[in-house]
Amino acid sequence: MPGKVEHLNPDGLHRNPAYSQAIAVSGKTRTVYVGGQNAVDEKGEVVGKGDIGAQSQRAIENVQVALAAGGASIEHVVKWNVYIVQGNPLLPGFEAFQRAWGDRPNPPTITGLFVAGLAVPDYLVEIDAVAVVPEE
């Protein structure tokens, strides 16, 4: 059975073009789990210190690099978790996601969480993802 990914927005739940309410996966697929990505470059230096928008953009770029290493791309993402340090606005993080996602249909499920802090004090955002690639 070939792989299938269904984006579900059932009646009775709010419909929003920015996210899906649920996603069902069946058949033969490849799943790629991306651990939390922060705004660091390949040397481990923080990018965009103090700028939640710049950090969100870099974290998403890092997610995309990790996805590619696993044979997936952004359109295969079925679940994002966005962790934002308390006191920072949520909107710049979601705007960075929207720019990366573009006009693609069937957005993933998304959870946004405010946290007291992240592993490094300069980190303002961390993003992890789960991607499912249908196989023939």
### Task
Please examine the side chains of S20 and N9, heavy atoms only from C-beta on, and report whether any two atoms are closer than 4.5 Å.
yes
### Query
Hydrophobic clusters join Ile, Leu, Val, Met, Phe, Trp and Tyr when side-chain heavy atoms are under 4.5 Å apart, directly or via other members; which others share one with M1?
none
### Task
Just grab all the side-chain hydrogen bond (donor to acceptor under 3.5 Å, both in side chains) pairs involving residues 86-95, residues at least two apart or on different chains.
none
### Query
Donor-acceptor pair, N38 side chain versus V40 backbone, under 3.5 Å?
no
#### Entry: Check: G70 main-chain N/O paired with R30 side-chain donor or acceptor under 3.5 Å
yes
### Message
Between Q21 and L8, is there a side-chain heavy-atom distance shorter than 4.5 Å?
### Response
no
### Summary
Here the ring pair (Phe, Tyr, Trp, His ring centres under 6.0 Å) pairs for residues 106-136, sequence neighbours left out, are none
### Query
According to the salt bridge (charged side-chain N to carboxylate O under 4.0 Å, His left out) rule, which pairs have a member within residues 46-71, sequence neighbours left out?
E42-R58, K49-D122
### Query
Are the side chain of S73 and the backbone of Q64 linked by a donor-acceptor contact shorter than 3.5 Å?
no
### Query
Taking the hydrophobic residues Ile, Leu, Val, Met, Phe, Trp and Tyr, and joining any pair whose side-chain heavy atoms are under 4.5 Å apart, which ones share a cluster with L91?
none
#### Entry: Inter- and intrachain pairs under ring pair (Phe, Tyr, Trp, His ring centres under 6.0 Å), touching residues 51-84, at least two apart
W80-F97
#### Entry: K79 side chain reached by T111 side chain, heavy atoms, under 4.5 Å
yes
